[in-house]
2 protein chains.
Amino acid sequence: MSILSKFSFKDQAFKLRENAILDAATAVLGTKGYDLMTMDDVAGAVGISKPSLYKHFKSKEELVSEALIRLLDGAIDQVAKLDPALNPLQKLSALLEWALRVRLGGGLPFLPSTSPHVRDMLMRNVKYMLRVAKLNRQLEGLVQQAQKANLLNPALPSDVILFSYYARTCDPAVDFLQKFTKLPDDDVVRHMLTVAFQGLSGTP
Amino acid sequence: MSILSKFSFKDQAFKLRENAILDAATAVLGTKGYDLMTMDDVAGAVGISKPSLYKHFKSKEELVSEALIRLLDGAIDQVAKLDPALNPLQKLSALLEWALRVRLGGGLPFLPSTSPHVRDMLMRNVKYMLRVAKLNRQLEGLVQQAQKANLLNPALPSDVILFSYYARTCDPAVDFLQKFTKLPDDDVVRHMLTVAFQGLSGTP
DNA sequence: GTCTATAAGGAGATAGAC
DNA sequence: GTCTATCTCCTTATAGAC
């Protein structure tokens with residue numbers, strides 16, 4: 001008996017639907033945010049009924065947590081796939097560019113939580129916090145390397161740079177620019193990267 | 001009969017309580033956000049009952065809108081009080097510093113709305129939008145002057161600078177730094193200003 | 001496992017006494 | 001004008017048939 005038989009057709013279908021639910025939840029989260037997102041919204045978007053949703057996720061909190069964990073995994077993957085030939089600053093820039101493009105494409109940032117409810121929920125979630133710690137370790141390393149090489153301002157505490165870097169991935173200016181100007185996405189990304197690393201004054 | 005008699009003791013007391021309500025609403029908004037703030041929270045914080053709240057404000061939306069309008073008025077006041085001797089960049093810096101200090105002191109930023117519900121509500125509010133337009137006109141003028149004088153990056157579209165500037169007033173990095181590091185408020189402000197204008201790379 | 005129907009509880013808003 | 005008590009609606013979550 002092949003080990004693959006462990007994954008029956010039914011299990012595969014179950015996994016597929018689970019992913020579809022997470023996709024829908026991610027999309028609704030992006031437009032309405034946690035508090036305004038209802039389980040009916042998600043069920044409707046997937047095309048199933050609410051009780052079926054609860055067969056996959058035992059609560060709204062668990063559903064949202066899993067969706068955000070999946071996003072975080074995407075970010076961690078992205079870090080792993082970075083071209084090793086890049087210097088630390090180029091890596092950080094590439095990663096921020098990726099995050100901005102995900103958002104412009106309708107996705108969520110990997111640091112989405114402005115709502116106190118969601119923030120507390122995630123900080124109690126071990127699975128989520130383990131991934132945050134992993135990602136944070138890697139980014140912290142990049143920041144410190146870049147500071148040593150004088151690619152990032154060595155006069156700033158690493159924490160300040162790291163938190164500000166995270167903040168850029170969920171910068172509301174991105175939404176404003178997309179909504180109120182006719183700038184193409186590529187220009188938005190380019191300008192946001194300039195502002196993040198060179199600041200509003202420029203003249204690097 | 002003096003024109004002052006128009007403001008009776010009762011009216012004055014009414015106004016005072018109205019301000020107390022707005023203070024309480026602002027405080028609760030700062031900690032819990034719009035969706036998690038209940039009218040019971042606000043009533044409890046003021047020390048009155050919920051129906052009394054509704055004698056002053058006919059809905060939760062109106063209460064929150066008025067609180068945010070008052071905040072915006074504070075920002076507009078602050079612009080008016082700027083030292084005319086400062087150059088445009090110094091004025092923008094001083095204003096951002098003021099906004100950051102308000103937040104660190106437990107207040108709200110004057111661009112508070114991450115929640116789609118609140119954002120839509122405010123955009124339908126003429127009173128609010130008039131003030132936004134006024135503040136925006138003044139800041140846009142400062143930005144353009146600063147760009148002409150090469151104090152802000154002239155290669156960036158003004159919109160990009162303006163929206164990014166607004167975004168810095170509600171930068172989540174501020175909350176993280178206050179919560180997870182032991183940095184004194186003065187240092188947080190100093191570093192955030194550096195990051196905003198010189199960027200993460202520094203070397204201005 | 002999926003659905004229809006429903007329980008349980010929270011929060012905005014109000015009726016009516018004082 | 002203020003309060004106690006209540007209405008109403010919405011949303012999370014589940015019971016029970018198929």
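Naming convention: chains lettered A, B, ... in sequence-line order (proteins, then strands); numbering from 1 in each chain. Bear in mind the structure is a predicted one, so any value in this text is a computation, not a measurement.
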Can you pull out the residues from residues 23-41 of chain A that lie within a 4.0 Å heavy-atom distance of DNA chain C? none
In whole angstroms, how far is the [atom2] atom of [N] from the [atom1] atom of [X]?
| X | N | atom1 | atom2 | answer |
| --- | --- | --- | --- | --- |
| B/Leu53 | C/dT14 | CG | C1' | 13 Å |
| A/Glu61 | D/dT11 | CD | P | 17 Å |
| A/Phe57 | D/dT14 | CZ | C1' | 18 Å |
| A/Lys60 | D/dT14 | NZ | P | 15 Å |

Nearest-nucleotide 5' precedence on DNA chain D, A/Lys58 against B/His56: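 Per heavy-atom nearest nucleotide, the more 5' residue is B/His56.
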With no hydrogens and no angle check, do the side chains of A/Asp35 and B/Tyr34 hold a donor and an acceptor under 3.5 Å apart?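 Their side chains do not contain a donor-acceptor pair, so the 3.5 Å distance test is not met.
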Which atoms of nucleotides 3-7 of chain C (N or O only) lie under 3.5 Å from a protein N or O atom, and what are those distances?
| from | atom 1 | to | atom 2 | distance (Å) |
| --- | --- | --- | --- | --- |
| C/dC3 | OP2 | A/Ser49 | N | 2.9 |
| C/dC3 | OP2 | A/Ser49 | OG | 2.9 |
| C/dC3 | OP2 | A/Ser52 | OG | 2.6 |

Check whether any side-chain nitrogen or oxygen of A/Tyr54 sits under 4.0 Å from OP1 or OP2 of D/dA13, and answer yes or no.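 Yes.
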For residues 180-202 of chain B, the salt bridge (Lys or Arg N to Asp or Glu O under 4.0 Å) pairs (sequence neighbours left out) are B/Arg101-B/Asp186, B/Asp187-B/Arg190
Closest to the A/Ser59 side chain: C/dA13, D/dA13, D/dG1?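 Output: D/dA13.
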Consider the side chain of A/Arg17, meaning its heavy atoms from C-beta on, and name the nucleotide among C/dT2, D/dT12, C/dA13 that approaches it most closely.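 Out of C/dT2, D/dT12, C/dA13, the nucleotide with an atom closest to A/Arg17's side chain is C/dT2.
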Can you list the residues that meet the side chain to side chain contact (heavy atoms under 4.5 Å, CB included) rule with A/Thr31, with sequence neighbours excluded?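 Partners of A/Thr31 under the side chain to side chain contact (heavy atoms under 4.5 Å, CB included) test: none.
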Is the ring pair B/Phe180/B/Phe176 parallel, tilted or perpendicular, if the boundaries are 30 and 60 degrees?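 Ring orientation of B/Phe180 relative to B/Phe176: parallel.
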Apply side-chain hydrogen bond (donor to acceptor under 3.5 Å, both in side chains) to A/Glu140 and list each qualifying residue two or more places apart in sequence or on a separate chain. none
Evaluate side-chain contact (heavy atoms from CB on, under 4.5 Å) for A/His117 paired with A/Val64, printing each intermediate quantity in order. CA-CA 12 Å; A/His117 186 166; A/Val64 171; over 6 Å; no
Heavy atoms only: give me the nearest A/Ile161-A/Asn153 pair and the separation to one decimal.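 The answer is CD1-O, 3.6 Å.
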With sequence neighbours left out, what residues match B/Lys127 under salt bridge (charged side-chain N to carboxylate O under 4.0 Å, His left out)?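 Counting only residues at least two positions away or on another chain, B/Lys127 forms a salt bridge (charged side-chain N to carboxylate O under 4.0 Å, His left out) with B/Glu66.
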Between B/Asp73 and B/Lys134, does any NZ, NE, NH1 or NH2 come within less than 4.0 Å of an OD or OE carboxylate oxygen? no
